Student: 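The structure under discussion is supplied below as structure tokens; questions concerning it will follow.
Quick caveat, the model's predicted, so the values are computed rather than measured. Numbers restart at 1 for each chain; the letters A, B, ... are given by sequence-line order, proteins then strands. Values below: all heavy atoms of this structure, side chains included; hydrogens, waters and symmetry mates excluded.
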There are 2 protein chains.
Amino acid sequence: MGFNYPRAAITVDCVVFGFDEGELKVLLIQRGIAPFKGKWALPGGFVRTDETIDQAAGRELLEETGLTNVFLEQLYTFGAVDRDPRERVVSVAYYALVKLCEHPATGASDAAWFPVAKPPTLAFDHAEILKTGLSRLRGKVRYEPIGFELLPEKFTLSQLQHLYESVLQTTLDKRNFRKRILSMELLVSLEGELCSGAHRPAQLFRFDAEKYAALKEAGFNFEL
Amino acid sequence: MGFNYPRAAITVDCVVFGFDEGELKVLLIQRGIAPFKGKWALPGGFVRTDETIDQAAGRELLEETGLTNVFLEQLYTFGAVDRDPRERVVSVAYYALVKLCEHPATGASDAAWFPVAKPPTLAFDHAEILKTGLSRLRGKVRYEPIGFELLPEKFTLSQLQHLYESVLQTTLDKRNFRKRILSMELLVSLEGELCSGAHRPAQLFRFDAEKYAALKEAGFNFEL
DNA sequence: TGTATTGGTGTCTTATTGACACCAACCAAT
DNA sequence: ATTGGTTGGTGTCAATAAGACACCAATACA
């Protein structure tokens, strides 16, 4: 049964997060065609029959934003009957985490970064998808070291703290934060490499992904 | 674009968990038709164009197992190209938690409960879906009070502890477990109602869902 | 030279976690 | 009636983790 029924189309949509100027941002595309022409929307498009859904998400991300080789994970599937005014479309949403500093150009001229706190009016049910993505990011950042996906390879402890404060919408004690994050021994201090500015230079660190993988295998749990 | 492409079919599949005889179980259906005729599979079927995916999951669960009014939540969407040998089928998987004691009959005669630890060979990629569901359940049971969905309305603290031990694959200290679970004040002691047997009778409790909803609203987090 | 800005550090108090052992109440068998 | 088997129910203490808290250092720029 089922093979002769009219079929829904399947799309992917990507909630692309970036962190810049101490603020969490989302990458949106301005639609050039109806419906919702001129409105901002999540990058995405139709899934082809010869590619997996994961592949479709990666492909659309590359085509629409120029981004590749970024953290990309399935988020949730949205299947309300009327979510697309044209016809039945089921969308498998993904979320991506981008090292914004290393991908400064968004590629497409119709793409722009918006603060997640005050996005423009979005097409389709993309506001709901964004909200779901944000909620997932907030939940996951506390027990998986995915925050590093939003920072450059080399970062300072202050940058990391500000990232967490921004994502979790809270403030953290500097000494306690440094104590906890360093006690996990997942950060490698890049001796001699400093970050300068109109103030005392800061020590740069990088996240040791291999060490984390090994520890995780052995039962270690990252937490906050 | 996209509207004239050949389209994948969309199905739902449900990982239905139950708890019985101190063991976590999953409800499977023996397939009566090809492909995988005679093999065991997760209950599921095609999504109709006039229903949401959530509705499809609930409907298929009712049609194939007779279960209704149970905890049902989206799990993950599986979209490998060759996961169905007939043609391209994308499946949105759900997981359900059933109070097995209160739904003793499975309805359909081709349905049966299997221990999640040693399921039979499954059709399609259902082994992977089951694995994903189990992993989700293990993760979620620790920070959301969903374990109660697997127990009768009235239960003893020992039953609850055995449920957690079974799901989390660990052993828990009786006194510490009771101390923690009671300290949350989410269990209502049903005075005078006892559970008898060939031993000292046990106090029955029920989970106070309204109180949990209120506390959660105020920022409370259930944990273990 | 001094002022503004961010970087970096340790202690102490309090709260949480985790280890641990015994008696109680019932049923069943003798 | 007594005994043995089985599960129910309870509190303390030690170790660990969490959280509050303030000052000096290094640089750029005026």
Student: Which whole-number value in Å describes the distance from A:F177 CZ to D:dG19 P?
Tutor: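 Between P of D:dG19 and CZ of A:F177: 14 Å.
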
Student: Is a donor from one side chain sitting under 3.5 angstrom from an acceptor on the other, for B:Y94 and B:E73?
Tutor: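 Not at all, the side chains of B:Y94 and B:E73 share no donor-acceptor pair under 3.5 Å.
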
Student: Taking ring pair (Phe, Tyr, Trp, His ring centres under 6.0 Å) as the test, write out the residues that go with A:F114, two or more places apart.
Tutor: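 A:F114 satisfies ring pair (Phe, Tyr, Trp, His ring centres under 6.0 Å) with A:W40 only.
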
Student: Quickly work out the B:L204 CG to D:dG9 C1' distance and round it to whole Å.
Tutor: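 For the pair B:L204 CG and D:dG9 C1', the rounded distance is 14 Å.
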
Student: Base, backbone or nothing for each nucleotide of nucleotides 21-30 of chain D, written B, S, -, heavy atoms under 4.0 angstrom, 5' to 3'?
Tutor: BB--BBBS--

Student: Would you please confirm or rule out a distance under 4.0 Å between OP1 or OP2 of D:dG8 and any side-chain N or O of B:S158?
Tutor: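 True: B:S158 side-chain N/O within range (under 4.0 Å) of D:dG8 OP1/OP2.
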
Student: Using the rule ring-ring contact (aromatic ring centres under 6.0 Å, His included), only one of B:F148, B:F17, B:Y95 pairs with B:F71; which is it?
Tutor: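 Exactly one candidate clears the test, B:Y95.
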
Student: Run the ring pair (Phe, Tyr, Trp, His ring centres under 6.0 Å) check on B:Y76 and B:F78 step by step: do they pass?
Tutor: CA-CA 7 Å; B:Y76 195 81; B:F78 294 82; 5.3 Å; yes

Student: Round to the nearest Å and state the distance from B:Q203 atom CD to C:dA25 atom C1'.
Tutor: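 Value for this atom pair: 14 Å.
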
Student: Quick one: B:R180 CZ to C:dA19 C1', roughly how many Å, whole number?
Tutor: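 So the two atoms are 13 Å apart, to the nearest Å.
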
Student: Are more than 12 heavy atoms from other residues, nucleotides or ligands located less than 6.0 Å from atom NZ of A:K140?
Tutor: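 More than 12 within 6.0 Å, yes.
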
Student: Round to the nearest Å and state the distance from B:Q159 atom CD to D:dG8 atom C1'.
Tutor: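 Distance check: B:Q159 CD to D:dG8 C1' gives 13 Å.
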
Student: If you apply the rule ring pair (Phe, Tyr, Trp, His ring centres under 6.0 Å), what do you find for A:F36 with A:F124, and how did you get there?
Tutor: CA-CA 8 Å; A:F36 298 102; A:F124 305 104; 4.8 Å; yes

Student: In whole Å, what is the span from the CG atom of A:L182 to the C1' atom of D:dA17?
Tutor: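 Checked: the CG to C1' distance equals 17 Å.
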
Student: Rounded to whole Å, please give me the gap between CG in B:L160 and C1' in D:dG8.
Tutor: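 So the two atoms are 15 Å apart, to the nearest Å.
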
Student: Send over the distance from A:F155 CZ to C:dG7 P, rounded to a whole Å.
Tutor: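 One finds 14 Å between P of C:dG7 and CZ of A:F155, rounded.
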
